[in-house]
Amino acid sequence: MKVLISNDDGIFSPGIQVLARALSEVAEVLIVAPDVEQSGVGHSITIRRPLRYRRTKLRGLEDIEAYRVDGTPADCVVLGVHNSGQPDVVVSGINIGSNLGYDVTHSGTVAAAIEGTTLGIPSLAFSLRTGEAELDFSHAAEYAKALIPQVAKNGLPDRTLLNVNFPVGKPRGVRLARQSTHSYEDSILMREDPDGVPYYWVAGTPTAEREPDTDYTTVVDGYAAITPLYLDFTHSRYFADLAEFVPGLEPA
Ligand code: MN
């Protein structure tokens, strides 16, 4: 089993290194990851400048083939597949911070898995919720070691990826969950630079969404949440209502 690992926190993040170490016990692992943090870049790709693909020795992981790219997570997956061929699975993470609700649209972590999915490769994103406790990637990494061979064996449906989020601390269990409407109250901080020119800092505090069975509620309650995401964004059930008012429609 060949596994391509990427992330958006950068190749030197402990999250990707713990994941690679764990998966190397059950798979042939290739790391292709951004050279610096790319959190929040979503599914962007680099098309107006050259990209560099550099062999990288990671301390303690010298036996794992690794490359750093001066681009986005999606760039990394495209280049990794181009240079080394189709892996059996693409795994992105383990991200420092959960990717819940609308986070999946901003997340570079999820985007790397989306890129794998669009290339026809079963793909997963792993994220770890942060809290008071010290970061402990071990539970998510151990679970990845159990889940990924199952995904390689069973495959995933077309256009489908798995978004996996781990809670703070030891999970109470693993649950399937739907995507929440979890978002942020945008709080924009405005400050002034030394020249008196204003600059802005996009912060935001999580909204308190507590619907049952969602990714957000599941992870806040201390469980690992697995959400299958589907890349057909078409809202098919809305076709009939939409046809009631849009002008110039061809008769059905
Ligand atoms: Mn990140």
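Just follow the structure's listing: the first ligand is 1, and inside any ligand the first atom is 1.
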So, is Glu37 placed with an N/O/S atom under 2.8 Å from the Mn ion (ligand 1), counting both backbone and side chain? no
Is there an N/O/S atom in Ser39 at a distance below 2.8 Å from the Mn ion (ligand 1)? yes
How long is the straight-line distance from CG of Leu128 back to CG of Leu135, given to the nearest 0.5 Å? 6.0 Å
Arg191 charged N/C atom sitting above Tyr199 aromatic ring, 6.0 Å / 45°: no
Name of the Asp8 atom (N/O/S only) found closest to the Mn ion (ligand 1): OD1
Between the main-chain N or O of Gly60 and the side-chain N or O of Glu62, is there a donor-acceptor pair closer than 3.5 Å? yes
Quick check: does Ser127 put an N/O/S atom under 2.8 Å from the Mn ion (ligand 1)? no
Would the distance check show the side chain of Asn95 and the main-chain N or O of Ser127 forming a donor-acceptor pair, the cut-off being under 3.5 Å? no
In sequence, state the C-alpha distance, the side-chain angles, and the governing distance for Tyr184 and His182, and then conclude on ring-ring contact (aromatic ring centres under 6.0 Å, His included). CA-CA 7 Å; Tyr184 299 88; His182 162 70; 5.1 Å; yes
For the Mn ion (ligand 1), what is the closest N, O or S atom on Asp9? OD1
